[in-house]
Amino acid sequence: CLCFFFPRLIFGTLYPAYYSYKAVKSKDIKEYVKWMMYWIIFALFTTAETFTDIFLCWFPFYYELKIAFVAWLLSPYTKGSSLLYRKFVHPTLSSKEKEIDDCLVQAKDRSYDALVHFGKRGLNVAATAAVMAASKGQGALSERLRSFSMQDLSTIRGDSSSTVPPSVTVRTSSKQSHPKPSRSASEGTGSSGKC
């Protein structure tokens, strides 16, 4: 398949593209028209080829016929692209031009509406995901801050002779339990044992 792909790429695309460039550079109207007809026919051929490759690739000499067709389109002797354009494409497009234009305008409007609709839905989904992530993250953040504050409180409350080393993190459970005063703290306040 690749041995048929490269000749078609070179002769069907690159060669006409170079001569289209030369037509634009020289500003020759006759060459413009010739290459525009070729590109219209080649676009239709490429579209049809997408479907025929699926069903006819088993056909003997299928790829050779495609290369021969592209050569026929390009040949200055046969003028295949000009012939196909003038006999079939131009009359068909001229008779259906209004319907095609209407369909294109409707498709453009529908695609714009669909783009706006899906864009709004996408933003709503993203905002909901961000809020959910922030709320989950906020719970983890508050738990972390609570553990730091409990550690700081235990470090501040105890002096250098405190029984809780500063490197140990005090975890709180879901039931809020108040830390009991140590004996050394209760002895320092008096004999009543009250804080």
### Message
Which label fits Phe42 and Trp39: parallel for a plane angle under 30°, tilted from 30 to 60°, or perpendicular past 60°?
### Response
perpendicular
Euclidean distance, [Y] [atom2] relative to [X] [atom1], rounded to 0.5 Å:
X      : Y      : atom1 : atom2 : value
Gln106 : Ser111 : CD    : OG    : 11.5 Å
Phe69  : Leu74  : CZ    : CG    : 10.5 Å
Glu97  : Glu99  : CD    : CD    : 10.0 Å
Ile100 : Ser95  : CD1   : OG    : 8.0 Å

### Query
Taking atom OH of Tyr62 as the centre, does the number of heavy atoms from other residues, nucleotides or ligands within less than 6.0 Å exceed 12?
yes
Short side-chain to backbone donor-acceptor contact, [X] and [Y], under 3.5 Å:
X     : Y     : result
Ser81 : Met37 : no
Ser82 : Lys79 : no
Tyr38 : Gly12 : yes

### Listed once per pair and sorted, the side chain to side chain donor-acceptor pair (under 3.5 Å) pairs that draw on residues 25-36, sequence neighbours left out
Glu31-Trp35
Cluster check [X], [Y]: I/L/V/M/F/W/Y, side chain < 4.5 angstrom:
X      : Y      : result
Phe51  : Tyr63  : no
Phe88  : Met36  : no
Leu93  : Val105 : no
Leu104 : Leu44  : yes

Hey, does [Y] have a side-chain heavy atom less than 4.5 Å from the side chain of [X]?
X     : Y     : answer
Trp72 : Leu84 : yes
Thr78 : Leu83 : no
Leu14 : Tyr18 : no

For [X], give me all partners under side chain to side chain donor-acceptor pair (under 3.5 Å), at least two apart in sequence or on another chain.
X     : answer
Tyr85 : His90
Lys66 : Glu49, Asp53
Ser75 : none

### Summary
For residues 123-135, the salt bridge (Lys or Arg N to Asp or Glu O under 4.0 Å) pairs (sequence neighbours left out) are none
#### Entry: Residues which pass ring-ring contact (aromatic ring centres under 6.0 Å, His included) with Tyr15, listed by chain and number, not counting sequence neighbours
Tyr19
